[in-house]
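Contents: one structure, followed by commentary.
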Amino acid sequence: MTLAIEPLHPLYAARLTGVDIRQPVDEAMMSAVRAALARYVVCVIGHDKPPTNEQHIAFSARLGPLERGKSPKIKGTETRVPYPEIVDQSNLNDVGEIYADDDRRLAYKRANRLWHTDMSFYEVRATYSLLVGHVTPPSGADTEFTDMRAVWDALPATRQAELERLVVEHSYWYSRVQGGGPEPTEEERASRPPARHPLVHVHAPSGRKALYLASHASDIVGWPREKARALIAELMDFAVQPRFVYAHKWRRGDVLIWDNLATMHRATAFDDRHFVRDMRRTTCRERSMESGDSRIV
Ligand code: OGA
Ligand code: MN
């Protein structure tokens with residue numbers, strides 16, 4: 001089979017056909033998928049039935065070292081999706097029921113509705129995220145993207161020059177609270193300290209410069225907080241203009257892959273008190289990490 005690529009937006013994003021991640025994928029096909037990702041940075045692969053957790057993990061591991069959270073808990077208190085490589089992005093609790101409205105985990109999950117890139121609050125950044133649609137609600141819940149290379153290209157040269165050497169601090173707790181979640185405890189805060197990354201970097205797979213920003217971006221190193229937040233807000237507004245945005249309408253069985261080093265994304269609203277949305281994510285990182293040293297809530 002050869003890989004067919006159908007662009008979904010004038011700037012980036014494509015649907016890939018001719019590959020099924022539930023089957024063994026040969027190296028020639030993997031190279032074609034990697035090349036498509038380098039250029040389009042958001043790629044969707046549809047399936048008539050979602051891949052199993054094992055198939056999801058096996059395919060993801062071909063794209064880079066996988067993030068592994070804590071090992072599954074003991075029986076009786078186990079997580080719904082007991083694989084350390086999989087982040088449960090559903091609105092379901094441990095026993096598969098829709099979260100109670102006052103559940104702390106739901107409040108933190110809603111922060112996904114802020115524009116972000118995954119795991120920028122870690123020193124070792126996320127490269128690809130692979131999100132699988134297991135159950136999708138009847139309406140809403142698109143995932144929206146923006147291409148941070150196109151955003152960089154669209155900035156005036158004078159602005160670009162001002163941004164080149166800035167370093168941004170990214171904090172998980174900053175975005176959780178911005179997203180309406182509760183203030184973390186001191187212990188929670190200490191469990192996930194902030195990380196620093198250049199605001200502008202070269203996206204290695206495409207060789208293009210990109211802005212690296214997210215809802216987690218809380219400060220600019222060496223700048224007064226107010227001035228830093230004003231610049232971050234200005235750049236975030238610029239980056240999410242409709243001309244840059246691709247909105248993915250989910251179908252069950254879709255595998256959506258995005259490059260966190262070249263995009264931002266966000267979840268959008270749906271009736272999460274009445275409809276199930278079961279989404280599961282794996283995440284590749286720039287280099288492999290010790291197991292259990294980080295965990296996405
Ligand atoms: C994620 C995420 C958005 C969505 O899985 O990292 O932000 O629409 N998901 O579920
Ligand atoms: Mn995300």
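Whatever order the structure lists them in is the order used to number ligands and atoms, beginning at 1.
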Checklist entry - Any side-chain donor paired with an acceptor under 3.5 Å for Asn260 and Ser120? => result no
Item to check | Heavy-atom nearest option to atom 5 (O) of ligand 1, drawn from Gln89, Arg277, Arg280 | outcome: Gln89
Item to check | Short side-chain donor-acceptor distance under 3.5 Å, Asp254 and His248 | outcome: yes
Item to check | Side-chain donor-acceptor contact under 3.5 Å, His170 with Ser218 | outcome: no
Next on the checklist: Ignoring hydrogens and geometry beyond distance, is a side-chain donor-acceptor pair present between Asp118 and Thr283 at under 3.5 Å?
Outcome noted: no
Checklist entry - How far is atom 9 (N) of ligand 1 from its nearest protein heavy atom, and which residue and atom is that? => result Leu131 CD2, 3.9 Å
Checklist entry - In ligand 1, which numbered atoms sit nearer than 4.0 Å to a non-hydrogen atom of His116? => result 7 (O)
Checklist entry - Looking at ligand 1, does any of its N/O atoms fall within less than 3.5 Å of an N/O of Arg281? => result yes
Checklist entry - ligand 1 and Arg266, any nitrogen or oxygen pair closer than 3.5 angstrom? => result no
Checklist entry - Is it true that the side chains of His56 and Asn53 contain a donor and an acceptor less than 3.5 Å apart? => result no
Next on the checklist: Let's go through His265 and Trp115 carefully: what are the C-alpha distance in whole Å and the side-chain angles of both, what is the deciding distance for ring-ring contact (aromatic ring centres under 6.0 Å, His included) to 0.1 Å, and is it a yes or a no?
Outcome noted: CA-CA 5 Å; His265 62 277; Trp115 284 99; 8.2 Å; no
Checklist entry - Just by distance, with hydrogens left out, do Glu67 and Tyr122 show a side-chain donor and acceptor under 3.5 Å apart? => result no
Checklist entry - Can you find an N/O atom of Thr268 closer than 3.5 Å to an N/O atom of ligand 1? => result no
Next on the checklist: Which of the numbered atoms in ligand 1 are under 4.0 angstrom from any heavy atom belonging to Asn112?
Outcome noted: 2 (C), 7 (O)
Checklist entry - For atom 3 (C) of ligand 1, what is the nearest protein heavy atom, given as residue, atom name and distance? => result Ala267 CB, 3.7 Å
Item to check | Proximal atoms of ligand 1 relative to Asp118 (non-hydrogen, under 4.0 Å) | outcome: 6 (O)
Checklist entry - Applying the side-chain hydrogen bond (donor to acceptor under 3.5 Å, both in side chains) test to Asp278, which of His134, Arg80, Gln89 qualifies? => result Arg80
Item to check | Of the listed options His265, Arg113, Met119, closest to atom 7 (O) of ligand 1 (non-hydrogen atoms) | outcome: His265
Next on the checklist: Can you confirm, on distance only, whether ligand 1 has an N/O atom lying under 3.5 Å from any N/O atom belonging to Trp258?
Outcome noted: no
Checklist outcome for this item: ang(NE2 His265, the Mn ion (ligand 2), OD1 Asp118) rounded to 10° is 90°
Item to check | NZ or CZ of Arg243 within 45° of Phe238 ring axis and under 6.0 Å | outcome: yes
Checklist entry - Who's the nearest protein heavy-atom neighbour of atom 8 (O) of ligand 1, and how far? => result Thr143 OG1, 2.6 Å
Next on the checklist: Nearest N/O/S atom of His116 with respect to the Mn ion (ligand 2), by atom name, please.
Outcome noted: NE2
